[in-house]
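Below, each value reflects all heavy atoms present in this structure, side chains not excepted, and no hydrogens, waters or symmetry copies.
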Amino acid sequence: YQDSGEGVSEGDPTLNWSGYVDTYSRRMHIEPVIKEWVEWSCELVLRHAEQCFPAGPSPGGNALSAGRERLVVELGCGNGMLLFRIAPIVAQTPGGRYIGTDISTSGLCYVKRIMSRGPPYGGLPIETRKIAAHEILDVCEQKTVDVVLCNGVTMYFPSTAYLIECMQTA
């Protein structure tokens, strides 16, 4: 991962796709493509969460706010494009947490910079960890993980076996 400084939405600093290159054209993706991918990905994750955690008698009926504490772990959170959209929903749960992991120091530093700006992201229960995907056990050990999110990074994994090992570990 290399931060080129390009690819940050002028209107939304949480939409930072610097380093995302189109496989076919070898050019930076354009904002509408990235925005569509991020929105679609978040919709899928939240739809999955609703199936895993049926809404109970909680106020608002939000699937992630029903019942016990919730933990979402993202492998390869990069600049936080999914993290900053899903973490606020996880935060609606008392004790809900979001752990974003990545091997990129610059990506994790970007997430921390956005969080340091204060609301709406500064108070979210977000942790970041600089680890490789196969080190997920360090994050998951002695914790019940509700969702392991691995979106947009698997193409960087060395093999399908590595992906399967990471998911089985989590």
Sub-4.5 Å side-chain heavy-atom contact between [X] and [Y]:
| X | Y | result |
| --- | --- | --- |
| N151 | L82 | yes |
| K130 | D102 | no |
| L149 | L75 | no |
| C77 | L108 | yes |
| T128 | T101 | no |
| M115 | L124 | no |
| W17 | N79 | no |
| P13 | Y110 | yes |

Starting at [atom1] of [X], measure out to [atom2] of [Y] and round the result to the nearest 0.5 Å.
| X | Y | atom1 | atom2 | value |
| --- | --- | --- | --- | --- |
| E165 | H134 | CD | NE2 | 7.5 Å |
| M81 | C42 | CE | SG | 9.5 Å |
| Q92 | I89 | CD | CD1 | 6.5 Å |
| R129 | I136 | CZ | CD1 | 9.0 Å |
| K112 | I126 | NZ | CD1 | 11.5 Å |
| S25 | I30 | OG | CD1 | 9.5 Å |

Item checked: Pair D12 + R85: basic N to acidic O under 4.0 Å -> yes

Margin query: Between N16 and S18, do the side chains contain a donor N or O and an acceptor N or O under 3.5 Å apart?
Written below: yes

Next item on the list: Take E74 and Y98 through the test side chain to side chain donor-acceptor pair (under 3.5 Å) and record every step on the way to the result.
Entry: CA-CA 8 Å; E74 182 177 359; Y98 194 109; 2.5 Å; yes

Notebook entry, point to check: For I131 and I103, which heavy atoms make the closest approach, and how far apart are they?
Noted result: O-CG2, 3.5 Å

Checklist line | Exercise: identify the closest heavy-atom pair between V111 and F84 | finding: O-CZ, 3.6 Å

Item checked: Expected output: side-chain E135 to main-chain A132 donor-acceptor under 3.5 Å -> yes

Note to self: Under 4.5 Å between side-chain heavy atoms, counting indirect links through other Ile/Leu/Val/Met/Phe/Trp/Tyr residues: same cluster for V73 and Y162 or not?
What the structure shows: yes

Check: Going through the checks in order, is the side chain to side chain contact (heavy atoms under 4.5 Å, CB included) test met by V72 and I99?
Finding: CA-CA 6 Å; V72 174; I99 301 175; over 6 Å; no

Item checked: Test side chain to side chain contact (heavy atoms under 4.5 Å, CB included) applied to I164 and M167, step by step -> CA-CA 5 Å; I164 292 169; M167 293 298 102; 5.9 Å; no

Next item on the list: Begin with the C-alpha distance, continue with both residues' side-chain angles, and end with the deciding distance and a verdict on side chain to side chain contact (heavy atoms under 4.5 Å, CB included) for V8 and L15.
Entry: CA-CA 6 Å; V8 180; L15 192 63; over 6 Å; no

